[in-house]
Amino acid sequence: FGSVYFSKLKQNTKVVEHCGPTNVRLRFHLPLAVPNKTSGSYLRVGDHCVSWEEGEPILFDDSFLHSAVYAGCNDSDGSSISSDQS
């Protein structure tokens with residue numbers, strides 16, 4: 001019970017709202033590479049929106065509805081890379 005994986009979100013990615021099957025799992029997101037100027041990008045958990053900041057972890061209960069929007073930017077390839085652990 002538990003895993004680690006890496007995600008690469010391309011510019012204009014939207015992860016639809018979803019939730020885990022139980023409240024016994026916490027999600028730990030650690031943004032590893034976030035381009036500058038990523039306004040309009042956020043992780044929504046319940047009624048709270050959080051912007052990604054490189055190296056700043058985000059911890060939340062997987063049973064809460066959550067979604068993500070990554071607008072990206074015009075720098076490099078506009079991708080964001082994060083580690084997700086549960």
Side-chain angles (χ1 to χ4, degrees):
F1 192 85
S3 61
V4 175
Y5 62 91
F6 296 89
S7 299
K8 181 175 182 179
L9 298 179
K10 294 283 192 180
Q11 192 170 13
N12 299 317
T13 297
K14 294 181 181 175
V15 178
V16 297
E17 192 172 61
H18 62 282
C19 63
T22 178
N23 66 353
V24 300
R25 180 180 299 181
L26 294 177
R27 289 279 181 195
F28 177 83
H29 283 233
L30 179 62
L32 301 174
V34 179
N36 293 330
K37 304 173 192 162
T38 57
S39 64
S41 301
Y42 58 87
L43 173 69
R44 178 186 301 272
V45 180
D47 294 331
H48 303 283
C49 288
V50 179
S51 297
W52 288 285
E53 292 184 42
E54 222 169 271
E56 293 294 321
I58 302 168
L59 182 68
F60 63 92
D61 184 329
D62 190 44
S63 70
F64 288 23
L65 283 174
H66 52 282
S67 61
V69 172
Y70 181 70
C73 65
N74 294 325
D75 297 348
S76 64
D77 69 355
S79 299
S80 173
I81 301 173
S82 68
S83 171
D84 181 21
Q85 303 170 13
S86 62

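All of these numbers come straight from a predicted model, not from anything done at the bench.
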Shortest non-hydrogen separation from Cys19 to Ser63 and the atoms involved = CB-O, 3.4 Å
How far apart are the closest heavy atoms of Ser67 and Val15, and which atoms are they?
-> CB-O, 3.2 Å
Candidates Tyr5, Trp52, Phe60 - the one meeting ring-ring contact (aromatic ring centres under 6.0 Å, His included) with His29 = Phe60
Report, as yes or no, whether the 6.0 Å neighbourhood of atom CD on Glu54 holds more than 12 heavy atoms from other residues, nucleotides or ligands.
-> yes
Hydrophobic cluster membership, Val50 vs Leu65, 4.5 Å side-chain cutoff | no
Could you give the distance from CD (Glu53) to CD1 (Ile58), rounded to the nearest 0.5 Å?
-> 8.5 Å
Distance col, row Leu26:CG vs Asp62:CG, nearest 0.5 angstrom, shows 8.5 Å
His66 (side chain) donor-acceptor with Phe64 (main chain) under 3.5 angstrom = yes
Enter the distance from Ser51:OG to Leu43:CG here, rounded to the nearest 0.5 Å.
-> 9.5 Å
Just by modelled atom types, is the Ala71 backbone N or O under 3.5 Å from a matching donor or acceptor in the Ser41 side chain?
-> yes
